[in-house]
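Taking it in order: structure first as structure tokens, then the write-up.
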Amino acid sequence: QVQLEQSGGGLVQAGGSLRLSCVASGRTRSTYVMAWFRQAPGKEREFVGAMSRDDGRLYYSNSAEGRFSIARDNAKNAIYLQMNSLGPEDTAVYYCAANDRIILPWGASTWLSWGQGTQVTVSS
């Protein structure tokens, strides 16, 4: 079992930036790939981006590409999401997730572990 503890988030004006953090503990062998998802009110949880542990390969959704960046610190079992040029459409609860393998497509139902979620609100 992997526990994911998130931090960061909050309220920011449009055009601003935020950084989210997620630290894994427990059975960290199951964190081969770590990812960020988000869920806006009334919408399904959607993939934002992911990074694999061993080769550092990055994957981004179309909406995140060019504005968001993901980094990992394998020594700390942590993953970070730097979000720039935020807009009201980015308002959502953001979740980190971990899995022991990459499963495509990037659906939310196949992930083994989830963080508690953190609210990101972007005001216009």
Say whether, by atom type as modelled, one donor and one acceptor occur between the side chain of [X] and the main chain of [Y] under 3.5 angstrom.
| X | Y | answer |
| --- | --- | --- |
| Thr91 | Val122 | yes |
| Ser21 | Ser7 | no |
| Asp73 | Lys76 | yes |
| Arg38 | Arg45 | no |
| Trp111 | Gly107 | yes |
| Gln6 | Tyr94 | yes |
| Thr31 | Thr28 | yes |

Any heavy-atom pair between the side chains of [Y] and [X] that's under 4.5 Å?
| X | Y | result |
| --- | --- | --- |
| Val23 | Leu4 | no |
| Asp90 | Val120 | no |
| Met34 | Cys22 | yes |
| Ser17 | Met83 | no |

From [X] atom [atom1] to [Y] atom [atom2], the distance as rounded to the nearest 0.5 Å:
| X | Y | atom1 | atom2 | result |
| --- | --- | --- | --- | --- |
| Ile70 | Trp36 | CD1 | CH2 | 8.5 Å |
| Cys96 | Leu20 | SG | CG | 9.0 Å |
| Gln39 | Glu46 | CD | CD | 9.5 Å |
| Thr110 | Ile102 | OG1 | CD1 | 11.0 Å |
| Ser69 | Asn84 | OG | CG | 6.5 Å |
| Ser85 | Arg67 | OG | CZ | 7.0 Å |

> Taking a hydrophobic cluster as the set of Ile, Leu, Val, Met, Phe, Trp and Tyr residues connected by side-chain heavy atoms closer than 4.5 Å, whether directly or through intermediates, do Val93 and Val48 fall within one such cluster?
Replying inline: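 Val93 and Val48: separate clusters.
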
>> Is there a path of hydrophobic side-chain contacts, each under 4.5 Å between heavy atoms of I/L/V/M/F/W/Y residues, joining Trp114 to Leu81?
In response: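 In one cluster: no.
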
> Is it the case that Gln116 and Thr118 place a side-chain donor and acceptor less than 3.5 Å from each other?
Replying inline: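 No, because no side-chain N or O of Gln116 sits under 3.5 Å from a partner of the opposite role on Thr118.
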
>> Can a side-chain donor-acceptor contact be found between Arg53 and Tyr32 if the only test is distance below 3.5 angstrom?
In response: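 Tyr32 vs Arg53: no donor-acceptor pair found between side chains.
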
> Are Arg19 and Tyr80 in a cation-pi contact, defined as NZ or CZ under 6.0 Å from the six-membered ring centre and within 45° of the axis?
Replying inline: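 Yes, Arg19 and Tyr80 form such a contact.
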
> Can you name the nearest heavy-atom pair linking Ile79 to Ala35, along with the distance?
Replying inline: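 Result for this residue pair: CD1-N, 3.9 Å.
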
> Which atom names give the shortest non-hydrogen contact between Ala14 and Ser124, and what distance separates them?
Replying inline: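 Nearest heavy atoms, Ala14 then Ser124: CB-CA, 4.3 Å.
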
> Taking it one step at a time, do Val12 and Thr121 satisfy side chain to side chain contact (heavy atoms under 4.5 Å, CB included)?
Replying inline: CA-CA 6 Å; Val12 65; Thr121 303; over 6 Å; no

>> Checking Phe37 against Tyr95 for the ring-ring contact (aromatic ring centres under 6.0 Å, His included) test, could you report, in this order, the C-alpha distance in whole Å, the side-chain angles of both residues, the deciding distance, and whether it holds?
In response: CA-CA 5 Å; Phe37 284 77; Tyr95 297 89; 8.7 Å; no

> Should Tyr59 and Leu104 be marked as a side chain to side chain contact (heavy atoms under 4.5 Å, CB included) after you check the CA-CA gap, both sets of side-chain angles, and the distance that decides it?
Replying inline: CA-CA 11 Å; Tyr59 309 84; Leu104 298 178; 5.9 Å; no

